[in-house]
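In each ligand, atom 1 is the first atom listed, and ligand 1 is the first ligand listed. Atoms considered below: every heavy atom in the structure, side chains included; atoms not considered: hydrogens, waters and symmetry mates.
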Amino acid sequence: MRYYHLFFILPTFILTAVAAVPEFGVASIGHQRLPRNFDHGLRAILSPHASISHNVSSAPRWSEYHAPRPGAVVNVATEHDVQAVVQFCLKHNVPFLAQTGGHGWIDSFHLGRHGLLINLRGLNRTTFNDQRTEARVQGGAVISEVIAEAYANDAQILTGNCNCVGTMGAALGGGYGNLMGLYGFSVDNILSMEVVLANGSAVTVSANQSTDLWWALRGAGPNFGIITSAVMKAYPMPRAKNVAWTGGLYFTEDKIEQIAQAINDTALRAPMNVFLYYTTAGPPSFTPTVLATTFYFGTEADGRAAFDWLLRIGPYKDTTAELSYDQWNTAANSFCIKGGRKPSYGAGFDEFSPSTWRQIWNAYVDFLKIPGTGYSTVLTECYSLSYAQSIPKSTSSFANRDIRFNGAVIPWYTDPSLDAQAQAFGSKVRDLWRSTDGFANNRTYINFAYGDETNEVVYDTSTPRLQKLKAEYDPRDVFNQWFNIPPA
Ligand SMILES: *[C@@H]1O[C@H](CO)[C@@H](O)[C@H](O)[C@H]1NC(C)=O
Ligand SMILES: *[C@@H]1O[C@H](CO)[C@@H](O)[C@H](O)[C@H]1NC(C)=O
Ligand SMILES: *[C@@H]1O[C@H](CO)[C@@H](O)[C@H](O)[C@H]1NC(C)=O
Ligand SMILES: *[C@@H]1O[C@H](CO)[C@@H](O)[C@H](O)[C@H]1NC(C)=O
Ligand SMILES: *[C@@H]1O[C@H](CO)[C@@H](O)[C@H](O)[C@H]1NC(C)=O
Ligand SMILES: *[C@@H]1O[C@H](CO)[C@@H](O)[C@H](O)[C@H]1NC(C)=O
């Protein structure tokens, strides 16, 4: 349907919660397999519709680069199954990791054959209250499922923009999304959470209950627990009004400086966002091009007026249209393809520098000369932040509220012998972003980070309190794979 293979609206990624048991770590590194009779014991504590699989491909990952390689997958069927599995793993010293979409791209997963993957996909229901002002979203629901239910219920929920990504996984890192200019980040839209903690307890966490965990989970969730469901704010919206003007504007590369300057100069209004991509035409030519995807919640006429500053630069192709809420993310579905290697690097920055973007283009075009890299992309998400910034930073551990732009570079290929070149390209683009980021310290949105970042890069000023709370709630560092916070 689309002219370009990789016409996608990148998301706001990531898997759900992550965990592993420490005493199994160093001492048990030689332990290559799950304990004998493991299946039998686990089966006995699961609900009837849960299952255990030794086919790891039954819960595929978005990127095979440094993917976890568990010994077994447990497909839970009830929220209580999650607690039972965690308790079982704690008792038997088995490391574990929870997964929904499997999009977490961190390079430091260490779940191995002696570990268990908890597949949350069976927990995929979204249910609304009568007024459609609140929705209970289960921990294994992907974004398309939440949006479909919201649309069917004449409502909106703040989610990420990529259909296949786990809703809560993306949300726990902060949660950017199309409607955040109006509603804030995902973490601002959570009302309460059901959480399985590091000691195997299941608790309800809200602004009124467990206030330390309430703060910590919204920004650093995978270090503190597994969310089995959350109550999210919902916004009633009649279907006829649940429409946005969105799509792609394709530009020739000579327009890069103009586009970068225009993005830097423009204060985005609440209903709008824009993403800038370097992408290719797909097979067979893989010709690189510049793509801006626009989003305006409202009519085409209002959207075009709001994006006049970008349209005036003169795209050579325009695929924008008025689309209903359940279709906003459809164009991004090609991005959902699982498998292949995607060692992705990210950086936050405050200045959209024309000269930096020219240098990144040159690096991109050079990298594409390597055969088999044609699906690689560079992207930046630019949202309207005024509303989100009116919510005090202190309300959650999420530390990125003040960052204007988030970039990610995704080298995409299948041949592992290209890893070193992909890493060199990815880290070079990250260095370029950081060279004009306007910050005293490196800052990266956790869901866009590579895995080599220090706590301060992803958690910023929340780091010391997170370390203290980690010591209180997960002293043995059970949840230790996702941008691990060592207990202080
Ligand atoms: C493993 O699961 C994948 C995905 O469901 C499936 O395609 C494959 O056939 C399975 N392999 C085996 C050996 O059952
Ligand atoms: C969604 O959950 C239902 C009920 O647990 C399950 O039957 C179904 O397979 C799940 N969907 C996916 C895609 O896993
Ligand atoms: C917190 O408590 C207040 C007062 O009891 C109540 O109105 C509110 O709904 C509670 N909030 C949550 C998120 O439970
Ligand atoms: C980009 O915008 C920032 C913040 O408004 C400003 O400080 C900076 O000078 C701008 N850069 C350029 C190249 O215009
Ligand atoms: C920021 O990251 C770059 C690599 O992108 C590194 O060279 C530099 O030392 C880092 N700066 C700080 C202050 O940590
Ligand atoms: C588990 O940890 C929570 C939070 O620290 C605590 O409230 C609860 O009592 C603990 N449960 C058990 C069984 O120790």
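Remark: minimum distance from atom 14 (O) of ligand 2 to any protein heavy atom is reached at R121 O, 3.6 Å. Closest to atom 10 (C) of ligand 2, if we only count protein heavy atoms, is N124 ND2, 2.5 Å. In terms of protein heavy-atom proximity, atom 6 (C) of ligand 1 is nearest to N55 ND2, 4.1 Å.
Summarising the local packing, NZ of K428 is surrounded by 12 or fewer heavy atoms from other residues, nucleotides or ligands at distances under 6.0 Å. Annotation: H54, atom NE2; neighbour count of heavy atoms from other residues, nucleotides and ligands within 6.0 Å is above 12. Open room surrounds NZ on K91; 12 or fewer heavy atoms of other groups in view lie less than 6.0 Å from it.
Considering backbone and side-chain atoms together, N442 places an N or O closer than 3.5 Å to an N or O of ligand 5. The shortest N or O to N or O distance between G122 and ligand 2 is below 3.5 Å.
Distance screen at 4.0 Å: atom 3 (C) of ligand 5 has a protein heavy-atom neighbour inside the cut-off.
Ion pairing of K233 with E134 is absent here, as no side-chain N (NZ or NE/NH1/NH2) approaches a carboxylate O to less than 4.0 Å.
Heavy-atom contacts of S58 reach the following atoms of ligand 1: 2 (O) (cutoff under 4.0 Å).
Heavy-atom separations between D431 and ligand 5 include at least one value shorter than 4.0 Å.
Per the SG-SG cut-off, C336 and C164 are bridged by a disulfide [distance under 2.5 Å].
Here the two rings, on F38 and F88, have centers that are under 6.0 Å apart.
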